[in-house]
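Structure record follows, encoded as structure tokens.
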2 protein chains.
Amino acid sequence: MSVKRSNSQKQIISVLKELKEEINAQDLYVKLRQRGDKLGLATVYRGLKALKLEGTIQERVSPTGESFYSVISKEHQHHLNCVGCGRSLSLDTCPLEQQALEPYQAENFKVFYHTLEFFGLCSVCQNQQPN
Amino acid sequence: MSVKRSNSQKQIISVLKELKEEINAQDLYVKLRQRGDKLGLATVYRGLKALKLEGTIQERVSPTGESFYSVISKEHQHHLNCVGCGRSLSLDTCPLEQQALEPYQAENFKVFYHTLEFFGLCSVCQNQQPN
DNA sequence: TTTTTATTTAGTAATGATTATCATTATACT
DNA sequence: AGTATAATGATAATCATTACTAAATAAAAA
């Protein structure tokens, strides 16, 4: 009784895996078409949703409201998000001790992954007039 | 040379402070009108943006893409976010040690606040057919 | 293999939160 | 007061995402 997985979902996972970088739905759509995969944008969204519910991929909603997807891996990334320009800088370490997370695995909630995001002003936006 | 702050911004802060709960822009707009404050929705958005850039309030973008605002305080909250139904359960402790965060205060990025979010399936959605 | 049924898909319209625009009003400065 | 600057309201525009519908594909039954 294995998980049924449509063609489009396989293609999506394939691209996400070789990327090893988060990507938004529309760029992913372009990447798939470039590879020659023939699928529509709505199908990409559907596939992403299904994979998200399986716990296979994770979603990060950026300050601009758009979602970025990536396969869930131990080497997850966190970001410094600028509230000025909206850009995100990747961090290469996670300040969370693994054992600190365990209590949250319980209480009737199956945790797939976590996100830790920092918000503030990047150097560029610090030296800039607000508008 | 103190910070200039418009009437609308004062009203927004006032409501956010008495709330002590995150709220989205449109509900905030309704709350302000109910108090008798006369301002438009666009002004609410403008005020929230300005206060965000000041580092006075924080924004959390929910999985559905809408933003929730609250005053930045030491007693910040984290959530368990269900990837199924989108509901958020508040946690009452932060697993992050304060000293673990200090390194991220440096490197040309002024950190106002952080968010730590857990994603997975709530008990209801675990016992439900995917659709 | 044909027929039947359920699933998947593409294309596109609809949605909804947020942002841009622009004319108007309030505020600051001389 | 008179002019420059900033703030505001109303509403149109934007844009990622979702809903919808009909067609295509796959799976199951006969």
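As the structure is a computational prediction, the values presented were derived from the model and not from experiment. Sequence lines set the chain letters: A, B, ... in the order given, protein chains first and strands last, and positions in each chain run from 1.
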ask   = The side chain of A:Ala25 lies closest to which of these nucleotides: D:dT17, C:dA10, D:dG9?
value = D:dT17
key: Intermediate values then yes/no, side chain to side chain contact (heavy atoms under 4.5 Å, CB included), A:Glu18 and A:Arg35   = CA-CA 12 Å; A:Glu18 57 187 45; A:Arg35 290 194 347 165; 4.0 Å; yes
message = Go nucleotide by nucleotide along DNA chain D from the 5' end; which of B:Thr43 and A:Arg46 gets its closest nucleotide reached first?
response = B:Thr43
key: ILVMFWY cluster, B:Leu48 and B:Ile72 together (side-chain gap under 4.5 Å)   = no
key: Proximal nucleotide (of C:dT18, C:dA10, D:dA16) relative to the A:Gln26 side chain   = D:dA16
key: Among D:dG9, C:dT18, D:dT17, the nucleotide that comes nearest once only the side chain of B:Ser67 is considered   = C:dT18
task = Could you check how far OH of B:Tyr29 sits from C1' of D:dT11, rounded to whole Å?
result = 12 Å
note = To the nearest angstrom, the NZ-C1' distance between A:Lys49 and D:dT17 comes to 11 Å
query = Under 3.5 Å, is there a donor-acceptor pair between the side chain of B:Arg33 and the main chain of B:Leu39?
reply = yes
inquiry  = Using OP1 and OP2 only, check whether a side-chain N or O of B:Ser8 sits under 4.0 Å from D:dT8.
reply    = yes
query = Within this structure, what is the CZ-to-P distance between A:Arg60 and D:dA16, rounded to whole angstrom?
reply = 16 Å
Same apolar cluster: B:Tyr45 and B:Leu53, side chain cutoff 4.5 Å = no
ask   = Which atom names give the shortest non-hydrogen contact between B:Leu41 and B:Tyr29, and what distance separates them?
value = N-CE1, 3.5 Å
inquiry  = Rounding to an integer number of Å, can you tell me how far B:Leu32 CG sits from D:dG9 P?
reply    = 11 Å
remark   = Rounded to whole Å, CD of B:Glu59 lies from C1' of C:dT18 at a distance of 10 Å
inquiry  = Show, in sequence, the C-alpha distance, side-chain angles and deciding distance for B:Glu54 and B:Gln9, and conclude whether the side chain to side chain contact (heavy atoms under 4.5 Å, CB included) test is met.
reply    = CA-CA 12 Å; B:Glu54 278 181 27; B:Gln9 289 181 27; 3.8 Å; yes
task = Between B:Asn7 and B:Phe68, just flag the one whose closest nucleotide in DNA chain C comes earlier from the 5' side.
result = B:Phe68
message = If I compare all heavy atoms of A:Leu28 with all of A:Ile23, which pair ends up nearest, and what's the gap?
response = N-CD1, 3.5 Å
ask   = Whole-Å distance between C:dT9 P and A:Arg33 CZ?
value = 13 Å
ask   = Taking five pairs at each end, how big is the angle between the two axes of the helix from C:dT1-D:dA30 to C:dT30-D:dA1, to 10°?
value = 30°
key: Distance, rounded to the nearest Å, where A:Leu48 contributes CG and D:dT18 contributes C1'   = 13 Å
ask   = Of all the nucleotides listed (C:dT18, D:dT17, D:dT11), which has the minimum atom distance to the side chain of A:Tyr45?
value = D:dT17
message = I need the OH-P distance between A:Tyr69 and D:dA16, as an integer number of Å.
response = 12 Å
